[in-house]
Structures are given as structure tokens and as C-alpha cells.
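Inspection log for the structure reproduced underneath, given as C-alpha cells.
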There are 2 protein chains.
Amino acid sequence: MFSKTCEYAIRALIFIAQKTKDGDRIGIKEIAKGIDSPEHFIAKILQDLSKKGILQSAKGPTGGFYLDKASRKQSLASIVRAVDGDKIFQGCGLGLKQCSETKPCPIHHEFKKVRKDLLQILENAKVGALTDALENSMVFLKR
Amino acid sequence: MFSKTCEYAIRALIFIAQKTKDGDRIGIKEIAKGIDSPEHFIAKILQDLSKKGILQSAKGPTGGFYLDKASRKQSLASIVRAVDGDKIFQGCGLGLKQCSETKPCPIHHEFKKVRKDLLQILENAKVGALTDALENSMVFLKR
DNA sequence: GAAAATTATGTTTTCAAAGACTTGTGAATA
DNA sequence: TATTCACAAGTCTTTGAAAACATAATTTTC
């Protein structure tokens, strides 16, 4: 469904949100361990995302990644968009470039509903809110 | 959503279904043109699928690909399964191997619904039935 | 023998992952 | 207060593997 990159990004963001909600910062190594991902790979992903403002970072001693208040209100949808673009939300199911309402592919109309549902789920899932479920250990992030 | 391979496969199958519904056979070159796909690539895909019984083929002059009655009743879901496997229908949205009902990832329950809807759409879409819409030119297959 | 699929092999591109090196920053220290 | 040091993110380059696409030889069948 999502790219590997995107999967790691979502897991990392939720993890960071949980670990830094008291104003702390968290290093890349701990993140990689926490979500069980390749260290260098997740590092690059997070650097890209911090450039785009999806999360915040600080260099030097006591530095690390963290999420400010605004970032916590972000939805998973904005993370997915930043990483994978919005082809998941609007691209044709059969890969047809010109697929549209007037020139639909054979499954165009049915797919529309699924996409809409998916988008809504991701829009509703705010990064900050998901940390609560994590703390109550209702859900987990390691593979 | 699907792999390129899978997209080509679906388009090809629908195209073949339409072109061979009167008992004809259709060659690989015409298929490639008809769905605007790389010729050698779609050839390999169709050979795999014919081995698996998803469609039929005949060698020699007047040979080509075609669909028998049983194959026409197949759903798009079985094509997707043959090509991409069923990871789309059951894999975790965040790529977690151990994600389950008892140890769900943060979006597990929401995703379940989307997957279920997707599966139902693909199960309901029979290859043979989609050709009617094509003939009425309500839909098209070229990119 | 010619037309078709089939098989085998090779190339290119993209994605996932790893490594080495650079830059910035807070804190100790002299 | 200026210097230096260590720590942490940032950048650049490379490797590995899989997916996407191409070429050539082979087999089957009319």
C-alpha cells in the first residue's frame, strides 16, 4: 500500500511523538531501535521530513528530533503526502494517466470510494492522538 | 496500489476478454498495442498467467491468447492474487509482520475496513462482465 | 517453412539500505 | 571570554536487490 519509506516515516513519527511529549529530544539511534528500522535509512527520511517541516530537529549535544505543538496536530495523511506524494489518493488503479470521470477505467468508480475512505482515515489520525493508544499498550510499533 | 506488472495484467485480461469473446485468438503484439504496454514485458506476464491457468494460449499459426468460459467468470481479485500475491489484502498498513488483532498497529482496525472494501470490489468485478462496459465505450484501457 | 507462443538471458531503472564524511551547536575549560 | 571538544544532525556517495523492460534463440503447430 505505502512505500517502505513511508511505513518507516509513519512509525518513526508516532514513536517520536510519544518519546518527546514532555519536551525531550530523541536521537536517531534510539528511534531506529524503537521502531526496528535500518538506522541510516530512517535518518535520511527524517532529515527530509524535518526540511519539510513535518518534524523538528536540533544539532549538537542534547540535540535530537522532536515534535512541536503544531506538528503534533498533523495527520498521517500529511506524512504520506510528504513521502509518497498524493498518487495514492488520486492515481488511477490501473495506472492509466488519462483516467477520469469522463474517461474512466473499468474500476474507476468503485475505486473512488476506497480512496476516499482511506484518505479520511489518514486525515483523522493525528500523530499526537495516536501516542495515547501506544502508552496504554493497545498498539505497538516494532515489527 | 498495485504493481506495474499487475496493472498491465488486469488491463490485458480485460482487453483479451473483449477481443476473443467470439472464439477468436489474439496475438501479443495486438494486445501490447491495445493496452499501450511494452510488448516483451506483457508477453512474459501473460505466459506466467497462462501457466497458472488464468488465461489460455495456443502456439503456431492462428494461435494466440484467449479466455475460455471458466476464465471469463474469474474476478479481478484472482488476477491480483496471481500476480502480486495477497499481501495487499492482508498485510499490515505499516509493514509490521506481527501486526494482528491482539497486537495491532496504530491504524490496524481502520485499515481492515478499507481492505475489506477493496477485496469486495475486486471479487465482484468479473473479467467477462467488464467487457460490456468497454463495448459501450464507457471505459477505456489505453493510458 | 512460417507464424505464433515459450524460454532464457541481458540491460536499465528504481527503491532500499549502508558508509563515510561534513556541518552545526552546546558545554567544558583554560 | 574565547577556544576547543564531543555530540548529534546533515550531506554525499556507494552498494544491493528487485522490478521493469529488451533481445535473441527455441519450440510448437498449422
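Proteins come first, then strands; the chains are lettered A, B, ... in the order of their sequence lines, and each starts at number 1.
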Is it true that the side chains of B:Gln56 and B:Ser71 contain a donor and an acceptor less than 3.5 Å apart? yes
Atom CD of B:Glu30 to atom P of C:dA5: distance rounded to whole Å? 10 Å
Between A:Tyr8 and C:dA16, does any side-chain N or O lie under 4.0 Å from OP1 or OP2? no
Spacing of A:Phe41 atom CZ relative to C:dA18 atom P, expressed in whole Å: 9 Å
Numerically ordered, the residues 54-61 of chain B set in heavy-atom contact under 4.0 Å with DNA chain D is B:Lys59, B:Gly60, B:Pro61
Starting from P on D:dA9, measure out to CG on A:Leu46 and report it in whole angstrom. 9 Å
Quick one, A:Lys87 and B:Met1 - any side-chain contact, counting heavy atoms below 4.5 Å? no
What is the separation between atom NZ on A:Lys29 and atom P on D:dG10, rounded to the nearest whole Å? 14 Å
With distance as the sole criterion, is a donor-acceptor pair present between the side chains of A:Thr20 and A:Arg72 under 3.5 Å? yes
Pick the nucleotide of DNA chain D nearest each of A:Thr62 and A:Lys51; which residue has the one closer to the 5' end? A:Thr62
Using a heavy-atom cut-off of 4.0 Å across all strands, would you classify A:Ile26 as base, sugar-phosphate, or nothing? sugar-phosphate
For the hydrophobic clusters of this structure (ILVMFWY residues joined by side-chain heavy atoms under 4.5 Å, transitively), does one cluster hold both B:Ile54 and B:Leu67? yes
Find the distance B:Ile42:CD1 to D:dA20:P and express it as a whole number of Å. 12 Å
In whole angstroms, the gap separating C1' of C:dG24 from CD1 of A:Ile28 amounts to 16 Å
Can you tell me how far C1' of D:dA9 sits from CZ of A:Phe65, to the nearest Å? 6 Å
If you define the side chain from C-beta out and look only at heavy atoms, does anything of A:Leu130 sit under 4.5 Å from A:Phe15? no
Nucleotide nearest B:Pro38 when distance is taken to its side chain, options D:dA22, C:dT6, C:dA16: D:dA22
Taking the side chain as everything from C-beta on, heavy atoms only, tell me whether A:Leu141 gets closer than 4.5 Å to B:Cys105. no
With respect to the phosphate group of C:dT14, does any side-chain polar atom (N or O) of A:Ser3 fall under 4.0 Å of OP1 or OP2? no
Integer-rounded Å distance: C:dT12 C1' and B:Lys4 NZ: 16 Å
Out of the candidates A:Val127, A:Leu46, A:Ile35, A:Thr131, only one should pair with A:Ile16 under the side-chain contact (heavy atoms from CB on, under 4.5 Å) rule; please name it. A:Leu46
